[in-house]
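The structure appears below as structure tokens.
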Amino acid sequence: LGNLVNGPVHGCVFQTVNGHYLTAVGGGGRTTDVIHTDATRIGSWEKFTLIDSGSGTPVIQYGLQTTNGHFLTAVGGGGRTTDVIHSDATHLQAWEKFTLNSLGTGVYNIQTVDGHYLTAVDRGGRTTDTIHSDATQPSTWERFFISCGH
């Protein structure tokens, strides 16, 4: 992903370590029941567009755009276990910037603007309490397989 800087990268999916996909419920535009991690197939709500935020950091910070054009927001910039992610932002600002740190072979951890990592609670497979943003060290639940062009 680090080399894909020439415009948006479409059709990106985020798979948790247990094989489930991140879903932007309703295609985005939500502040409650925002993200599920129980999808076993890729549909439109599981596809995101990566937008280079233009922040100029050594590792690109991306906006994660849902199918209906909204951006994922790490509420408070990260560090949360409740009210963690919103999908109703219409502009890419600080809380909408995520760093995708490559661990090799398509595996990444996802860092919020304040340096915390996104966690797929229970490794994925959930419809409630799905994502936390309070991890300070990435471990297994903070790993996501990311592939684009779906």
Side-chain angles (χ1 to χ4, degrees), residues 1 8-51 53 55 57 59-150:
L1 298 176
V9 183
H10 298 281
C12 297
V13 297
F14 294 76
Q15 197 170 21
T16 67
V17 294
N18 71 3
H20 290 91
Y21 295 97
L22 252 60
T23 301
V25 176
R30 300 174 65 102
T31 58
T32 60
D33 192 27
V34 175
I35 295 286
H36 289 180
T37 61
D38 66 331
T40 57
R41 296 180 322 168
I42 299 169
S44 62
W45 293 356
E46 287 72 39
K47 294 179 185 177
F48 296 85
T49 299
L50 303 184
I51 308 288
S53 71
S55 62
T57 53
V59 177
I60 296 170
Q61 292 179 319
Y62 287 102
L64 308 180
Q65 193 173 41
T66 66
T67 57
N68 70 10
H70 289 89
F71 290 95
L72 294 189
T73 300
V75 177
R80 301 176 66 105
T81 59
T82 60
D83 193 27
V84 176
I85 300 284
H86 289 177
S87 66
D88 65 333
T90 56
H91 295 90
L92 204 170
Q93 298 185 33
W95 291 358
E96 290 75 38
K97 294 179 181 179
F98 296 89
T99 303
L100 309 178
N101 298 303
S102 176
L103 304 174
T105 63
V107 178
Y108 294 80
N109 60 49
I110 304 168
Q111 204 168 14
T112 66
V113 71
D114 77 354
H116 286 90
Y117 296 90
L118 294 189
T119 301
V121 177
D122 287 342
R123 299 176 297 139
R126 298 176 60 101
T127 58
T128 60
D129 190 27
T130 59
I131 299 286
H132 289 177
S133 67
D134 65 332
T136 56
Q137 295 292 321
S139 189
T140 305
W141 293 6
E142 289 74 37
R143 293 180 184 164
F144 297 86
F145 179 76
I146 303 175
S147 61
C148 297
H150 293 270

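Here the structure is a predicted model, which means the values were calculated and not measured.
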Show every side-chain hydrogen bond (donor to acceptor under 3.5 Å, both in side chains) that has at least one partner inside residues 134-144, sequence neighbours left out.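 Sorted pair list: T119-E142.
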For D33, give me all partners under salt bridge (Lys or Arg N to Asp or Glu O under 4.0 Å), at least two apart in sequence or on another chain.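 D33 satisfies salt bridge (Lys or Arg N to Asp or Glu O under 4.0 Å) with R30 once adjacent residues are dropped.
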For D114, enumerate each residue passing the salt bridge (Lys or Arg N to Asp or Glu O under 4.0 Å) test, keeping only those at least two apart in sequence or located in another chain.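 For D114, no residue satisfies salt bridge (Lys or Arg N to Asp or Glu O under 4.0 Å) once neighbours in sequence are set aside.
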Mind checking whether L92 and I51 have side chains closer than 4.5 Å, heavy atoms only?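 Yes, side chains in contact.
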Sequence neighbours left out, what passes side-chain hydrogen bond (donor to acceptor under 3.5 Å, both in side chains) with [X]? Give chain and number order.
X    : value
N68  : T66, H70
T82  : none
S147 : H150
T16  : N18

Below 3.5 Å, can you tabulate the donor-acceptor pairs from side chains in residues 98-106 to any protein atom, sequence neighbours excluded?
unit_1, atom_1, unit_2, atom_2, d
N101, ND2, N109, OD1, 2.9
N101, ND2, Q111, OE1, 3.1
S102, OG, G104, N, 3.2

Identify, with sequence neighbours excluded, every residue that meets side chain to side chain contact (heavy atoms under 4.5 Å, CB included) alongside H10.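 Scan of H10 (side chain to side chain contact (heavy atoms under 4.5 Å, CB included), adjacent residues dropped) gives P8, T49.
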Applying side chain to side chain contact (heavy atoms under 4.5 Å, CB included), name anything that partners S44, two or more places apart in sequence or on another chain.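 Listed in chain order: T67.
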Quick one: pull up CD1 in I35 and CG in D129 and give me the separation to the nearest 0.5 Å.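 I35 CD1 to D129 CG: 13.5 Å, rounded to 0.5 Å.
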Residue pairs, two or more places apart or on separate chains, that pass ring pair (Phe, Tyr, Trp, His ring centres under 6.0 Å) and touch residues 13-44: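 Ring pair (Phe, Tyr, Trp, His ring centres under 6.0 Å) check on residues 13-44 returns F14-F48.
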